[in-house]
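Taking it in order: structure first as structure tokens, then the write-up.
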2 protein chains.
Amino acid sequence: MSTTDETRAARPAGRPRSARAEQAIIDATLDLLGEGMNIAELSIEAIAARAGVGKTTIYRRWANKEDLCVDALARLKSPLPELRGESVREDLVAYFEVVVRDSCDARRRCVMSIVMNDAERHPRLVERVRQALIEPRREVLAAVLRRGVATGELRADLDLPVVMAALIGTVTWYMRDAGSDGTAESPAGIAERIVDQLLAGLAPTA
Amino acid sequence: MSTTDETRAARPAGRPRSARAEQAIIDATLDLLGEGMNIAELSIEAIAARAGVGKTTIYRRWANKEDLCVDALARLKSPLPELRGESVREDLVAYFEVVVRDSCDARRRCVMSIVMNDAERHPRLVERVRQALIEPRREVLAAVLRRGVATGELRADLDLPVVMAALIGTVTWYMRDAGSDGTAESPAGIAERIVDQLLAGLAPTA
DNA sequence: CGTTTTCGATACGATTAAGTTTCGCAACGT
DNA sequence: ACGTTGCGAAACTTAATCGTATCGAAAACG
């Protein structure tokens with residue numbers, strides 16, 4: 001039919017928007033956030049400079065800084081960990097190996113910091129990140145625990161809220177300490193060590 | 001000798017600085033930080049307004065915002081938890097009951113948020129808080145664990161770094177979740193629940 | 001070609017806050 | 001009384017950054 005048919009949607013007249021510019025803007029945003037900026041400090045001018053783009057090009061696409069951040073953070077979604085379901089221990093280790101690996105990526109690490117700190121200042125953004133990134137993973141983890149209780153691999157009287165906090169909090173806290181030290185390399189077996197320690201408990205087996 | 005002798009140090013001439021103003025400034029700073037401001041957002045003007053004080057009075061005492069925050073945060077030191085040393089379980093519960101109670105105080109909660117987020121931007125401040133507030137408590141906790149291993153109340157093969165992260169991370173994470181919910185009241189026995197759950201482990205006693 | 005829209009650059013006005021200075025008054029010692 | 005210093009209020013300078021507007025060039029279309 002027509003000479004160019006890449007998109008069916010009737011292309012609006014004029015020069016099309018550059019996909020490269022859009023990606024560069026998103027990348028620059030995530031890079032700057034990953035370097036430790038919070039949303040308040042993140043400046044559109046800095047994003048434009050880093051992306052090699054005019055501010056106009058940003059404001060043509062997003063109404064304001066928050067909208068841009070919402071879009072940028074939503075693209076961080078990494079695939080949910082694939083669990084084999086053979087045993088609870090194996091699933092937990094696999095799950096937290098993904099968490100440990102993700103927590104070595106500055107871009108992903110900054111998400112948690114934003115969620116934990118900017119909840120009041122940017123409720124829309126935080127809520128969207130929570131729905132898109134956090135809740136699905138929480139649900140996967142909770143399902144593993146429930147299944148473990150059902151199969152008898154875990155104690156029947158598990159205090160679910162406490163155990164969720166124990167697993168996530170331990171890994172998160174450990175990785176934070178490890179990150180602040182020079183120990184940038186994530187020790188290979190850390191997920192395994194944490195899961196085994198928590199499964200076994202601190203008290204000696206009587 | 002002299003008519004007024006409150007301080008031996010030869011009092012410099014002129015009107016003495018108002019201790020009330022100083023305290024009001026510190027209080028205003030901690031209040032504003034406790035309301036969720038980070039250091040960048042904290043404005044000297046807001047502090048002066050809240051404290052009912054002129055900006056001059058602030059700059060006469062502290063060279064800049066960071067120095068003021070260093071002083072203000074250093075005053076948050078609450079006494080180290082007093083441990084009876086009868087049993088490891090009892091000490092851990094007592095220790096974390098203090099942590100839980102402190103984590104309900106906005107002023108104290110903001111310290112952790114600053115330490116975790118502004119480490120790169122304000123290394124002096126964070127380092128001082130770490131030395132003054134965090135390390136002593138870490139050491140108390142580590143001592144309890146080491147003693148427990150020695151007395152046989154804890155497993156001999158404890159993975160100390162992991163266990164430290166497990167205890168602190170679990171309590172911190174649980175309180176954060178609890179805080180974001182409406183559950184502002186800290187459930188009375190939460191420290192006990194967490195300690196017992198971690199001592200017993202997740203696996204059923206074989 | 002001519003039209004339309006985007007491109008990056010740059011200038012602009014508005015706002016916010018840091019940190020300094022000035023001012024008139026208050027509090028202290030001598 | 002007098003000199004010195006602190007006090008709060010206000011004006012000021014400097015600097016960032018937001019979001020908008022304007023510009024000439026470029027990229028698509030017919």
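First the proteins, then the strands, lettered A, B, ... as listed; each starts at 1.
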Approximate separation, where rounding is to 0.5 Å, of [X] [atom1] and [Y] [atom2]:
| X | Y | atom1 | atom2 | answer |
| --- | --- | --- | --- | --- |
| B:I26 | B:I47 | CD1 | CD1 | 9.5 Å |
| B:R147 | B:D91 | CZ | CG | 5.0 Å |
| A:L202 | B:E153 | CG | CD | 12.0 Å |

Measuring only between side-chain heavy atoms, which start at C-beta, is B:R109 closer than 4.5 Å to B:M175?
no
Flag side-chain contact, heavy atom, 4.5 Å: B:L125 against B:V115
no
Rounded off to whole Å, could you give me the [atom1]-to-[atom2] distance for the [X] and [N] pair?
| X | N | atom1 | atom2 | value |
| --- | --- | --- | --- | --- |
| B:I39 | C:dA17 | CD1 | C1' | 16 Å |
| A:I58 | D:dT17 | CD1 | P | 14 Å |
| A:L42 | D:dC18 | CG | P | 8 Å |
| B:W62 | C:dA18 | CH2 | P | 15 Å |
| B:I47 | C:dT16 | CD1 | P | 18 Å |
| A:R50 | C:dG8 | CZ | P | 17 Å |
| A:D67 | D:dC18 | CG | P | 14 Å |
| B:E66 | C:dA18 | CD | P | 14 Å |

So, the side chain of A:D118 versus the backbone of A:I114: is there a donor-acceptor pair under 3.5 Å, distance only?
no
Axis bend over the full length of the helix from C:dC1-D:dG30 to C:dT30-D:dA1, computed from five pairs that close each end, to 10 degrees
10°
Using heavy atoms and a sub-4.0 Å distance, could you list which residues of residues 15-23 of chain B are near DNA chain C? By number, please.
B:R15, B:P16
Can you name the nearest heavy-atom pair linking A:A119 to A:V126, along with the distance?
CA-CG2, 3.7 Å
Residues two or more places apart in sequence or in another chain: which of them pass side-chain hydrogen bond (donor to acceptor under 3.5 Å, both in side chains) with A:W173?
none
Kindly write out the residues that satisfy side-chain hydrogen bond (donor to acceptor under 3.5 Å, both in side chains) with A:E22, not counting sequence neighbours, or none if the list is empty.
A:R61
Listed pairs, N/O of protein and of nucleotides 19-21 of chain C, under 3.5 Å:
residue, atom, partner, partner atom, Å
C:dG19, OP2, B:Y59, OH, 3.2
C:dG19, N7, B:K55, NZ, 2.9
C:dG19, O6, B:K55, NZ, 2.6

side-chain contact (heavy atoms from CB on, under 4.5 Å) partners of B:D67, counting only residues at least two apart
B:W62, B:A63, B:N64, B:R124
More than 12 heavy atoms of other residues, nucleotides or ligands under 6.0 Å from CD of B:E82: yes or no?
no
